[in-house]
Asker: 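Encoded as structure tokens, here's the structure I'll be asking about.
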Amino acid sequence: MFGRTIWTASCAPKPGMRTLLQTANDLKAVGVRAVGGVVVNRIGTSRQCIRGVIYPTWNDLTTLRTGLGWSFVSQGMNYADMTALSTDAQRYDESGATIPVLAAKGHNKAWGLFNYPNDLQDAAAQAVVTDYFSFGRVYTEDPLTNTRTPATTYPYPLLTFSINGGQCNNPSLPCYDFPVRSDRRTTALPDILTVLRPAPGNYGILQLYRVVEGKSGTMGQANAWDCTSTDWRNRWTGHPENFCRNTLLAALRQRSTSAIITTPADVAIAWGRGRP
């Protein structure tokens, strides 16, 4: 899954910043398709620069769906903090109201999952969201995959492992301890593989944001990275939402090929949660 479905990692793209379409073609080459979380009002008829990154157009999303097998879920109308809304009408406008908008654009499985913006949710938000969405995204580090009973028990949490860039994983290198937002460390390859090799009956979701390759800038710069090492432990990115392409592809090539690549909506049907 791709959080917020970002097209490019910067409003002034640099060499090595992969577009979402390039990443989608990388995934296709290894037999994988993805789900994108859509902030509805950040998608338009032209690509828009919002909060430092470029977002795709509705036509871009159609290309990803029809040409590359992607599907899309809701990440809110405006990416509002659901816990800061004071009425059920406001909560609906941010969540349930996105479903018909996405359906009108051909994205008919958005009801499968609501990606609470910034993972912020409370009982009042959940009471509204669960009337319209099969599941609500919850970030997890343990356990790394979903099983049927917890996921189909109110408030229907779907555990999602967010993979991030950041400091490298080699304590002997300077990249192990340099300033990164939220002190993020690049997600370890073995943890990614745990999600990509789920046990029978389990459903794993990996979420990332944007993909970079090669090397750009110097350590300490927010949008610098060095993905050139042959060892994943030595790779780093200055922004935690940037992740090295070679690490991602190495993980995907080692996934369980017997595991079914599917969508939250299809899991909801298979597990008896269905569509609210």
Asker: So among Asn170, Thr230, Thr247, which one has a side-chain hydrogen bond (donor to acceptor under 3.5 Å, both in side chains) with Arg235?
Answerer: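 For Arg235, the side-chain hydrogen bond (donor to acceptor under 3.5 Å, both in side chains) test succeeds with only one of Asn170, Thr230, Thr247, which is Thr247.
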Asker: Does NZ or CZ of Arg273 fall inside the cone over Tyr156's six-membered ring, less than 6.0 Å from its centre and within 45° of the axis?
Answerer: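 Cation-pi check for Arg273 and Tyr156: passes.
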Asker: Write down the atom of Val53, the atom of Thr8, and the distance for their closest heavy-atom approach.
Answerer: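 That closest heavy-atom pairing would be CB-O, 3.5 Å.
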Asker: According to ring pair (Phe, Tyr, Trp, His ring centres under 6.0 Å), who are the partners of Tyr55, at least two apart in sequence or on a separate chain?
Answerer: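 Not a single residue meets the ring pair (Phe, Tyr, Trp, His ring centres under 6.0 Å) criterion with Tyr55.
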Asker: Could Arg18 and Phe243 be counted as a cation-pi pair, given that NZ or CZ must be under 6.0 Å from the ring centre and within 45° of the axis?
Answerer: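 So Arg18 doesn't make the cation-pi contact.
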Asker: Using a 3.5 Å distance criterion without hydrogens, assess whether the side chain of Thr140 forms a donor-acceptor pair with backbone atoms of Leu159.
Answerer: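 Such a contact is absent between Thr140 side chain and Leu159 backbone.
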Asker: OG/Ser71 to CG/Leu102 distance, rounded to the nearest 0.5 angstrom?
Answerer: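 The CG atom of Leu102 is 11.0 Å from OG of Ser71, to the nearest 0.5 Å.
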Asker: Mark yes or no for whether Gln22, through its side chain, and Thr19, through its backbone, hold a donor-acceptor pair below 3.5 Å.
Answerer: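 The answer is yes, because a donor-acceptor pair under 3.5 Å joins these two groups.
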Asker: I'd like to know whether Asp60 forms a side chain to side chain donor-acceptor pair (under 3.5 Å) with Thr57, so could you lay out the CA-CA distance, the side-chain angles of the two residues, the decisive distance to 0.1 Å, and finally the verdict.
Answerer: CA-CA 5 Å; Asp60 290 328; Thr57 66; 3.2 Å; yes
Asker: Linking I/L/V/M/F/W/Y whenever any side-chain heavy atoms sit under 4.5 Å apart, do Leu144 and Ile261 land together?
Answerer: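 The answer is yes; both residues are in one hydrophobic cluster.
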Asker: Which residues satisfy the side-chain contact (heavy atoms from CB on, under 4.5 Å) test with Ala224, sequence neighbours excluded?
Answerer: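 In terms of side-chain contact (heavy atoms from CB on, under 4.5 Å), with neighbours along the sequence ignored, Ala224 is linked to Gln221, Trp236.
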Asker: Judged by atom type as modelled, is there a donor-acceptor pair below 3.5 Å linking the side chain of Thr5 to the main-chain atoms of Gly37?
Answerer: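 Yes, the answer is positive, given that a donor and an acceptor are paired below the 3.5 Å cut-off.
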Asker: For Arg137 and Gln207: C-alpha separation, side-chain torsions, deciding distance, then whether side chain to side chain donor-acceptor pair (under 3.5 Å) applies.
Answerer: CA-CA 11 Å; Arg137 183 190 64 183; Gln207 177 186 280; 2.6 Å; yes
Asker: Could you identify which residues cluster with Val128, counting Ile, Leu, Val, Met, Phe, Trp and Tyr as linked when any side-chain heavy atoms lie under 4.5 Å apart, either directly or through a chain of such contacts?
Answerer: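 Val128 clusters with Met82, Leu85, Tyr92, Ile99, Trp111, Phe114, Tyr116, Val129, Tyr132, Phe133, Ile269.
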Asker: Within the distance-only criterion (no hydrogens, no angle test), does the side chain of Arg185 pair as donor or acceptor with the backbone N or O of Asn164 below 3.5 angstrom?
Answerer: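 No, Arg185 side chain to Asn164 backbone: no donor-acceptor pair under 3.5 Å.
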Asker: Could you tell me whether Lys14 atom NZ has more than 12 heavy atoms of other residues or ligands within 6.0 Å of it?
Answerer: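 Counting other residues, nucleotides and ligands, NZ of Lys14 exceeds 12 neighbours.
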Asker: Do you know the tightest heavy-atom contact between Pro157 and Val138?
Answerer: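 Looks like CB-CG2, 3.7 Å.
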Asker: Just by modelled atom types, is the Asn242 backbone N or O under 3.5 Å from a matching donor or acceptor in the Thr237 side chain?
Answerer: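 Side chain of Thr237 to backbone of Asn242, a donor-acceptor pair under 3.5 Å: yes, one is there.
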Asker: Keeping the roles fixed (side chain from Asp231, backbone from Arg233), state whether a donor-acceptor pair exists under 3.5 Å.
Answerer: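 The answer is yes, because a donor-acceptor pair under 3.5 Å joins these two groups.
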Asker: For Asn78 and Glu94: C-alpha separation, side-chain torsions, deciding distance, then whether side-chain contact (heavy atoms from CB on, under 4.5 Å) applies.
Answerer: CA-CA 7 Å; Asn78 297 294; Glu94 180 63 24; 3.8 Å; yes
Asker: Rounded at 0.5 Å granularity, tell me how far OG in Ser95 sits from CD in Gln75.
Answerer: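 Answer rounded to 0.5 Å: 13.0 Å.
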Asker: Should Glu241 and Arg4 be marked as a salt bridge (Lys or Arg N to Asp or Glu O under 4.0 Å) after you check the CA-CA gap, both sets of side-chain angles, and the distance that decides it?
Answerer: CA-CA 11 Å; Glu241 290 192 357; Arg4 307 197 309 281; 2.9 Å; yes
